[in-house]
Each structure stands twice: as C-alpha cells, then as structure tokens.
2 protein chains.
Amino acid sequence: MAHRPPPPPARPRRRPPRPPGKPPSGRSRDTEEAFLAGYDLAAFPRPSVTVDVVLLTVDRTVPTSAPRLHAVAYERTEHPDRHKHALPGGFVRLDESLDQAAARILRDKAGLEGLFVEQLYTFGAPQRDPRGRVLTVAYYALVGPERLADLALRSSARVHLVDVPWAGETGGPVDLLAGPGEPLPLAFDHADILGMAVKRLRGKLDYTPVGFQLLPAEFTLRALQDVHEAVRGETVNKDSFRRRMLAGGMLEATGEREPATYHRPAELYRFVKRSSV
Amino acid sequence: MAHRPPPPPARPRRRPPRPPGKPPSGRSRDTEEAFLAGYDLAAFPRPSVTVDVVLLTVDRTVPTSAPRLHAVAYERTEHPDRHKHALPGGFVRLDESLDQAAARILRDKAGLEGLFVEQLYTFGAPQRDPRGRVLTVAYYALVGPERLADLALRSSARVHLVDVPWAGETGGPVDLLAGPGEPLPLAFDHADILGMAVKRLRGKLDYTPVGFQLLPAEFTLRALQDVHEAVRGETVNKDSFRRRMLAGGMLEATGEREPATYHRPAELYRFVKRSSV
DNA sequence: GTGCCATATATACATCATGCATATATGCTG
DNA sequence: CAGCATATATGCATGATGTATATATGGCAC
C-alpha cells in the first residue's frame, strides 16, 4: 500500500538542543541533526490510534437462498459498549506501518494471512470513543469461503450476516443481523465503518478484479455472478454478465467442469492478471 | 463526512480506579463509569497525527496552452526537508474532528472556506517523518480559479503546477514543477500524497459532480471540458462529452452567453443537483 | 436405457451510448 | 461585408448491453 520503500532509518544521535530563533543557514547534516535532536513532538497533544478491519466474505453454502455478504464481529467483553459487537481491531504500534497493523490484527484475531487488504477511511470524531480521543484507521479485507470456514471452526468469533438495507450507494451506517430480521447493534461507530466498507466494495466491483478475492481459485461463472449480486444487493443480467466477464480478459478456462451438480455442470475458470492495458 | 452526529459528551466524573481482573457484572451506569475512570489510554504508545491538504485547481487563464492541474505548496523554512516544498498541514487538536482540522488548515493557511473537501488516505510509514512517528490523514480540496486568484495575491504561498507524468491510473508519486520541465522536490512523502489525490480525483470525475467544484458558478461546456481534460491529462471527444454532460441532468442552461470572445460565444450553464436517482 | 429436468452455452436481434463526419449558426475582426 | 474560429445541430457507423430463443449436457426417476 505504501508507494515508496521507507527511507533508511537515519536515526540522529543525541545532541544538546539548539536554542530556536536563529535558524542556522546551510543544509549540512549537522544542523539538521541538531534541529531534530532538539525537536519535541510530544509538545503537541497526541491521540490514540487504532486499526479496525472489516473482514468480508460471501456465503454461498446455502443453495436455497440468495448468497449474502457477511462480516466478522466479536462480542465485546469489556466496557464501553460491553456485549455489543465490534470489528476486530487494536492499537497501532509505533514500529509498524498501518498496513502491517491491519495484517497483524487479521493474523492474531482471525488467523488469516495473505488476504486482500486495503485501507478504507480514518474515523476521528472527537467523541467516538468514551475512553478518550481515539482515531481509528479502518481497513477492509476479503476472504474466500473456504478459508472463512476455518475461522468459524477455530475461533470463538461470531460471524454475522451483513444485511444491507439500501440498494443505492448512499453509504450510511449498516448494522449486522444476528438472524433474519434481527438487528445486531454494533459498538462505537462501527456501523458507519461497515457501511463505508460495503460502499467501497460496491464501487470497486466493476472496475477492479476485487470480486475474485471472494472466491476459491477455480470457480464457475455462476459463482462469480453470485458474488457480484451479493455485493451489489441486486440481481444482474446473466448473459450480459457472462459476456462482460469473458471479454474482460481476466478469466481463463481451466477445461475442467464443476463436480457433482444436479444439472449440467458449468466450466471452471480461474482468475488471471489482465494482460492488456 | 461523519455519518452520524457525535454522541453527547457523557464525560464521566472522576472515580478511583478499580482493580482489573474481576469485571463487574451488569451494565449499570456506575460500573461503566468506574471502568472508564480506571482506564488509561496513555498506557499504549501514541503517535503524533497531522492533517495535510492537497489543494487543487485548474488554471484556464492562459489561453495559449492546454489547461493544467495545479496544487498549492509552501516552501519549508525549518528542518527537516528545509527548502523543499510541502502541502499545507498541521497537527490535529484533540477537540476537533479530522474534517474540522482540514477545514481549519485551509482557513489558516490559505484563507479559504466552504470548499469541497474530502478525506483521501492516511499515510503512516514508520519512518516517513524523521522527527518521530507521525501519521498524516491526507485530505484533498478543490477550488475554482476565481478564489485561487485571491490566494495568490494575498499570501506568500507558492502555487505550483502539477505536471502528471502518467496518463493511466497507476497512482504513483507525483512531484510538482517549478516551471516547464523543472521538477520541484516535495518534502516527506508528499509526492505520494499528491499522486493519490490526482488518482482519486480522476476516478471521481466521471461518476460524481466533482468537476464543477473547479469552475465558477456559471461556465461554458468548453470550460467544463477543459477541466476534465486537465484532470485526466488527455483530450476527450468534444461531441460525446457535450452529449454526456447534457444528458446527465446536472446542467441547467442560464440563457446567457459567454462575454467577450474572439468567436461565437457559447451558452453559460450552471450546475444543479441531479433530480433523478 | 429412455425421457425429463434444470441449468449451461450459443446465437440472433433490438436498443442505446459513443466516435466520427458533416452542415449550419454566430459574434468578432479586418 | 467577407472571412474566421468556434458553437451547435444532425446523421451515420460501431460497439456494448438487454432480451429472447434455441441447443447442449449431466443427473435423476422410471
């Protein structure tokens, strides 16, 4: 996510601070070192900073109902907002990047590595956490159904349906559902974060290959369409969808066919990085 | 930008901290207050947090050359990266939201209020600032040419051309130009921030009415096309552009015409919020 | 094995957006 | 008044998309 490799450490040696007022001319290494040694970042008040991750998946295991978008939430055991559900998150360490913090949280709290992870938005309303000023840099991550099944087995995580009540792109707050029609209140401003994650995913679906992150390595065109419909919250035209996907140059036929179906089995495809453009 | 009004202050009164380990059962107001009073956010290390703003405009005052995208940068007078140019920015205060901090910086450093402002991305590489761990929540803002002229007159700001060397959407770092072909090095990771701002603006141009933020209240279709071309860095088909804009339902003809032109004057339009959808 | 079923896959056609070309309109300049 | 540069309008070819129809294929009931 960072666009440049971090510069070399260049940790300045300690020097006695130089009195301000007359900035020394020239740009020699010494004067910059002296400036940095005398600089006190703690003079400005600092907020706490956390990273929260919206972990999304599409459940296609229930063949009877339309596939739905899911998010992972954990019940809080501590105040504030005790017993409400919260996104996995944690404080940012001073020696890690924000991306690394998001990856660490996914690893520690969900046991997942190597997922598609992208920064979403930073939430910083002054009163969003009653413990004090806490900013959160929100991320979202996508995981295929086969790896999420691991999570449900392994951890005590409560995996909950995301039922998105808006078909448009307004991007308002979204609460989870504990069951059909049973809202699950989210802690803090996590409903805002979840809503923005769904909005972002919807916006990226048509223009980036992000949909494949929600599928196993090989999949049918119907499965890909299910994912798109679950994310968008509405059905799409089947023929147009097939043509568009096949014309996009991002799919490669495996030559194999879907196993064990009730009906004619569909061909399996895999995602390939687009060659052109 | 916040999706919910902030909750009421609910500042807990001070109480003696409660020993941890046995969390009190129940959810009464007292036990939550006690928990909050005993909670020490400072136990976790905190980074410094700044807000930097990419202030963009399109200069159409030079009729001979193609309009260009501009950004506002100030020469640094202090270490580190002294004499390099930096985006306007400042530390976030603990009693203001991030959006408010961005608005304050625009007001204090550029004397501008009421602009289109949107959060962009949060940059947090551990070594991005040699003074210590400093995150920056980057914003971008758009301003029309008539208000930017004020800025150039009023302040000592150095307004510089953004010459975007990539026509695609890769979103890599972008340096400013002091003149034609004369690169202007940016401080810290501000070239990354600028590159992401241009990328975001390009992505939003076709799907949101963001282009109008770079024009005065009344404008010709040609001026709107100039803005789009400056942002995209490439020319667009004139007829298609006109049809698309007029069909979008976001333009309203004023009935008046462009004053004082060399040639046939074009009709002036104004932006209206789209009625449908 | 035969026929039915549900879905995949292929083909054809209407519709719409867009790129491109051409024609006309208009205000200024000399 | 003629010419110029641009705006504005119209027509047509092309490609993408929505819709409909026809054919293919594997499992299942019998």
Side-chain angles (χ1 to χ4, degrees), chain A residues 60-67 167 205-208 211 215-216 218-230 232 234-270 274 276-277, chain B residues 60-67 167 205-208 211 215-216 218-230 232 234-270 274 276-277:
Chain A
R60 302 200 330 117
T61 58
V62 185
T64 55
S65 68
L205 198 59
D206 281 336
Y207 301 98
T208 67
L215 289 168
E218 301 192 348
F219 49 85
T220 65
L221 286 175
R222 179 69 213 181
L224 183 59
Q225 182 177 349
D226 282 343
V227 165
H228 278 243
E229 291 181 342
R232 301 183 54 158
E234 59 186 17
T235 60
V236 304
N237 182 279
K238 180 177 172 177
D239 300 274
S240 305
F241 182 81
R242 290 174 61 87
R243 261 184 311 204
R244 199 150 37 88
M245 287 299 144
L246 292 174
M250 296 185 300
L251 290 180
E252 184 183 58
T254 64
E256 296 176 13
R257 302 196 161 271
E258 172 183 32
T261 56
Y262 188 166
H263 44 77
R264 169 176 174 178
E267 179 152 24
L268 288 173
Y269 290 82
R270 80 170 66 88
R274 79 169 53 197
S276 62
V277 177
Chain B
R60 302 201 329 116
T61 58
V62 185
T64 56
S65 68
L205 198 59
D206 282 336
Y207 301 99
T208 67
L215 288 168
E218 301 192 347
F219 49 86
T220 64
L221 286 176
R222 179 70 214 182
L224 184 59
Q225 183 178 350
D226 281 344
V227 165
H228 278 242
E229 291 182 342
R232 301 183 55 159
E234 59 187 16
T235 59
V236 304
N237 183 279
K238 180 177 171 177
D239 300 278
S240 306
F241 182 81
R242 290 175 61 88
R243 262 182 311 204
R244 196 150 38 88
M245 287 299 143
L246 292 173
M250 296 186 300
L251 289 181
E252 184 183 58
T254 63
E256 297 176 15
R257 301 196 162 271
E258 173 183 31
T261 57
Y262 188 168
H263 44 77
R264 169 174 174 178
E267 179 152 22
L268 288 173
Y269 290 83
R270 79 171 67 88
R274 81 168 52 197
S276 63
V277 178

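These numbers come from the heavy atoms of this one structure, side chains and all, not from hydrogens, waters or symmetry mates. Just so it is clear: chains get the letters A, B, ... in the order the sequence lines come, proteins before strands, and each one is counted from 1.
If you take CZ of Arg242(A) and C1' of dG18(D), they are 16 Å apart, rounded to a whole angstrom. Spacing between atom CD of Glu234(A) and atom P of dG18(D) amounts to 11 Å, rounded to whole angstrom units. Summarising the geometry, the separation between CG on Leu224(A) and P on dT9(C) is reported as 13 Å, rounded to the nearest angstrom. Between the P atom of dT7(C) and the CG atom of Leu268(A) lies a distance of 18 Å, rounded to the nearest Å.
In this structure, Glu267(A) reaches the sugar-phosphate backbone alone: every heavy-atom distance under 4.0 Å involves primed, P, OP1 or OP2 atoms, never a base.
Atoms OH and CD, on Tyr269(A) and Glu258(A) in that order, are 12.0 Å from each other to the nearest 0.5 Å. Between His228(B) atom NE2 and Arg244(B) atom CZ the span is 7.5 Å, to the nearest 0.5 Å. Residue Phe241(B) holds its CZ atom at 7.5 Å from CG of Leu221(B), rounded to the nearest 0.5 Å. Residue Gln225(A) holds its CD atom at 9.5 Å from OG1 of Thr220(A), rounded to the nearest 0.5 Å.
Using a cut-off of 4.0 Å between Lys/Arg side-chain N and Asp/Glu carboxylate O, Asp239(A) and Arg243(A) are scored as not salt-bridged.
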Original post:
For nucleotides 17-30 of chain C, read 5' to 3', which letter fits each nucleotide if B means a protein heavy atom sits under 4.0 Å from the base, S means only the sugar-phosphate is that close, and - means neither?
Top reply: -BBBB---BBBS--

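Between Tyr207(B) and Tyr207(A), the ring planes lie tilted relative to each other; the angle falls in the 30° to 60° range.
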